Number of protein chains: 2
Amino acid sequence: MEVRKPYDIDSLTDVALRVFAERGYDGATMDDVARAAGITKAGIYHHVTGKEALLARGLDRALAALQAILAEPAANRGRAAERVRFIVRRVAETACSLLPELTVLFRVKATSPATESAVERRRAFDRAVARLIAEGQADGELSTAIEPGLATRLIFGTSNSIVEWYRPGGALKPAQLAAAIEALLFEGLGPAKS
Amino acid sequence: MEVRKPYDIDSLTDVALRVFAERGYDGATMDDVARAAGITKAGIYHHVTGKEALLARGLDRALAALQAILAEPAANRGRAAERVRFIVRRVAETACSLLPELTVLFRVKATSPATESAVERRRAFDRAVARLIAEGQADGELSTAIEPGLATRLIFGTSNSIVEWYRPGGALKPAQLAAAIEALLFEGLGPAKS
DNA sequence: AGACGATGTTACTAGCGAGTATACGAGGAG
DNA sequence: CTCCTCGTATACTCGCTAGTAACATCGTCT
């Protein structure tokens with residue numbers, strides 16, 4: 001009664017994403033993935049059509065998670081500034097919990113139909129946030145010193161950088177990290193002013 | 001009297017870095033570099049010992065520029081908080097002016113002696129800034145809400161993200177961008193308070 | 001003029017990495 | 001016990017890429 005199918009598409013995607021995140025998609029070989037999965041390269045092709053399919057599945061996971069954030073109630077009610085803060089926090093938490101997926105998404109270049117579509121979906125996410133920031137500025141709740149598009153890029157520059165160094169299991173918990181990022185981006189590093 | 005040596009090591013490094021930045025080091029081929037330089041692949045090998053040498057030269061340029069920032073007078077006199085702000089501004093400006101070099105540096109993984117040493121030198125830079133932030137916190141001029149090491153990572157997460165989207169020639173000038181980053185990181189996105 | 005050296009070019013080589021053809025082996029149905 | 005199916009492994013193919021070898025070109029020095 002031992003599991004007869006220890007390897008299905010999803011578990012192989014898990015493994016592949018960890019390898020891609022570590023070595024880079026181009027730098028990772030299918031043998032690397034196979035070794036990490038404890039299987040042979042040829043075995044992988046019984047479950048997946050190819051290397052790019054693994055990438056595409058990972059990008060899909062990451063984008064679905066980001067879009068899910070925009071669909072959460074707290075991202076859709078209340079004042080714009082609060083909604084932006086919520087999204088920033090949730091993106092940071094998601095970066096921690098879906099680390100390999102978001103690592104791959106944040107590094108991907110548009111070089112094929114699959115990656116082009118992923119890049120486009122990601123841009124759409126950024127645009128949604130930029131609109132929200134513009135709204136918050138119009139409400140007078142966000143500083144107008146920075147143009148919304150630029151603010152969006154810098155915000156995600158900050159939170160996306162999580163994937164470059166965060167490793168689960170450390171002392172820093174995702175919620176703490178998210179709170180720190182929120183504090184930095186909205187209150188700044190200067191001395192407390194209020 | 002036309003230039004007799006259009007291709008020397010440095011100009012080839014220029015070209016190679018642009019290609020590496022665009023395609024990624026692993027994704028770029030020596031033929032890509034050759035084509036971009038308007039030369040044959042074999043021709044490159046008359047000037048450079050190999051692909052990794054081009055990478056190493058680029059990493060060296062980037063790290064030299066970062067270290068030069070730490071050596072500037074404004075980074076060594078005055079209050080710690082001001083010095084940190086200066087460094088943040090200069091890193092942002094350098095990211096604009098040495099875009100390909102810093103793009104490659106920020107994406108490099110430690111996979112060979114050359115890249116390991118680059119990653120280590122970069123860490124040393126981060127540590128120097130972290131020490132300065134700790135000093136600024138001790139002075140009471142920087143918020144103690146964030147641990148210095150984390151603050152450093154997030155600061156450079158923000159400014160390093162420039163290389164993902166900034167392209168020279170646009171309306172946004174490096175100095176403006178640097179000022180915007182400084183404002184975001186130190187004053188925050190919240191409404192102006194003081 | 002003629003030889004040399006620096007710079008390029010047109011072939012190659014060698015090896016790695018994605019993907020495949022085929023054989024193997026274990027469990028279930030008859 | 002036999003056949004079928006599913007998953008896996010072994011042993012390939014084949015293209016692409018870093019790097020090389022041998023030949024061509026051209027300015028320069030004598």
Side-chain angles (χ1 to χ4, degrees), chain A residues 1-59 104 107-109 111-115 118, chain B residues 1-59 104 107-116 118:
Chain A
M1 180 67 194
E2 286 303 277
V3 276
R4 181 70 177 69
K5 297 157 77 177
Y7 306 115
D8 57 355
I9 305 192
D10 284 324
S11 64
L12 284 177
T13 305
D14 287 343
V15 173
L17 288 170
R18 278 198 296 273
V19 175
F20 292 168
E22 191 175 328
R23 305 256 230 271
Y25 177 73
D26 286 323
T29 77
M30 287 299 268
D31 273 317
D32 289 336
V33 176
R35 202 166 18 247
I39 199 181
T40 321
K41 181 177 57 163
I44 294 179
Y45 285 90
H46 275 272
H47 303 277
V48 181
T49 64
K51 191 183 182 186
E52 192 160 0
L54 289 169
L55 176 64
R57 293 184 69 87
L59 295 175
V104 169
R107 290 201 195 135
V108 80
K109 290 259 172 188
T111 56
S112 73
T115 52
Chain B
M1 180 68 193
E2 289 301 280
V3 276
R4 179 63 180 69
K5 297 158 78 179
Y7 306 116
D8 56 356
I9 306 193
D10 283 324
S11 63
L12 283 176
T13 305
D14 287 343
V15 173
L17 287 170
R18 279 198 296 273
V19 175
F20 292 168
E22 191 176 330
R23 305 257 230 270
Y25 178 73
D26 286 323
T29 76
M30 287 299 268
D31 271 317
D32 290 335
V33 176
R35 202 167 17 247
I39 200 181
T40 317
K41 181 178 57 162
I44 295 180
Y45 286 89
H46 276 271
H47 303 276
V48 181
T49 64
K51 191 182 183 187
E52 193 159 0
L54 288 169
L55 177 63
R57 293 184 69 86
L59 296 174
V104 169
R107 291 202 193 132
V108 79
K109 291 257 170 189
T111 56
S112 71
T115 53
E116 267 166 31

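Scope of the values below: all heavy atoms of this structure, side chains included, with no hydrogens, waters or symmetry mates. Treat the numbers as computed from the prediction; the structure is a model and nothing was measured. Numbered from 1 within each chain, the chains take letters A, B, ... in sequence-line order.
Put simply, CG on D26(A) and NZ on K109(A) are 11.0 Å apart, with the number rounded to the nearest 0.5 Å. Between D10(B) atom CG and D8(B) atom CG the span is 5.5 Å, to the nearest 0.5 Å. Put simply, OH on Y25(A) and OG1 on T115(A) are 9.0 Å apart, with the number rounded to the nearest 0.5 Å. Here the NE2-CG distance, from H47(B) to L54(B), works out to 11.0 Å after rounding to the nearest 0.5 Å. Rounding to the nearest 0.5 Å places CE of M30(B) at 8.0 Å from NZ of K51(B).
When every heavy atom of A37(B) is checked against every heavy atom of L12(B), the shortest pair comes out as CB-CD2, 3.9 Å.
Contact annotation: H47(A) reaches the phosphate of dT8(D) (side-chain N/O to OP1 or OP2, under 4.0 Å).
Nucleotide dT7(C) holds its P atom 14 Å from the CD1 atom of I44(B), rounded to whole Å.
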With the criterion being N/O to N/O and under 3.5 Å, what pairs connect the protein with nucleotides 14-19 of chain C, and how long is each?
residue, atom, partner, partner atom, Å
dA18(C), OP1, A28(A), O, 3.4
dA18(C), OP1, M30(A), N, 3.3
dA18(C), OP1, K51(A), NZ, 3.4
dA18(C), OP2, M30(A), N, 2.8
dA18(C), N7, K41(A), NZ, 2.9
dG19(C), OP2, Y45(A), OH, 2.9
dG19(C), OP2, K51(A), N, 3.0
dG19(C), N7, K41(A), NZ, 3.0
dG19(C), O6, K41(A), NZ, 2.7

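Counting non-hydrogen atoms of other residues, nucleotides and ligands closer than 6.0 Å to CZ of R107(B) gives a total above 12.
Taken over five-pair windows at either terminus, the axes of the helix from dA1(C)-dT30(D) to dG30(C)-dC1(D) are inclined to one another by 10° (rounded to 10 degrees).
In terms of polar N and O atoms assigned as donor or acceptor, the side chain of H46(A) never comes within less than 3.5 Å of the base of dG7(D) in a complementary pairing.
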Considering only distance and modelled atom types, tabulate donor-acceptor pairs under 3.5 Å from the side chains of residues 13-22 of chain B, sequence neighbours left out.
residue, atom, partner, partner atom, Å
T13(B), OG1, I9(B), O, 2.6
D14(B), OD1, R61(B), NH1, 2.7
D14(B), OD1, R61(B), NH2, 3.2

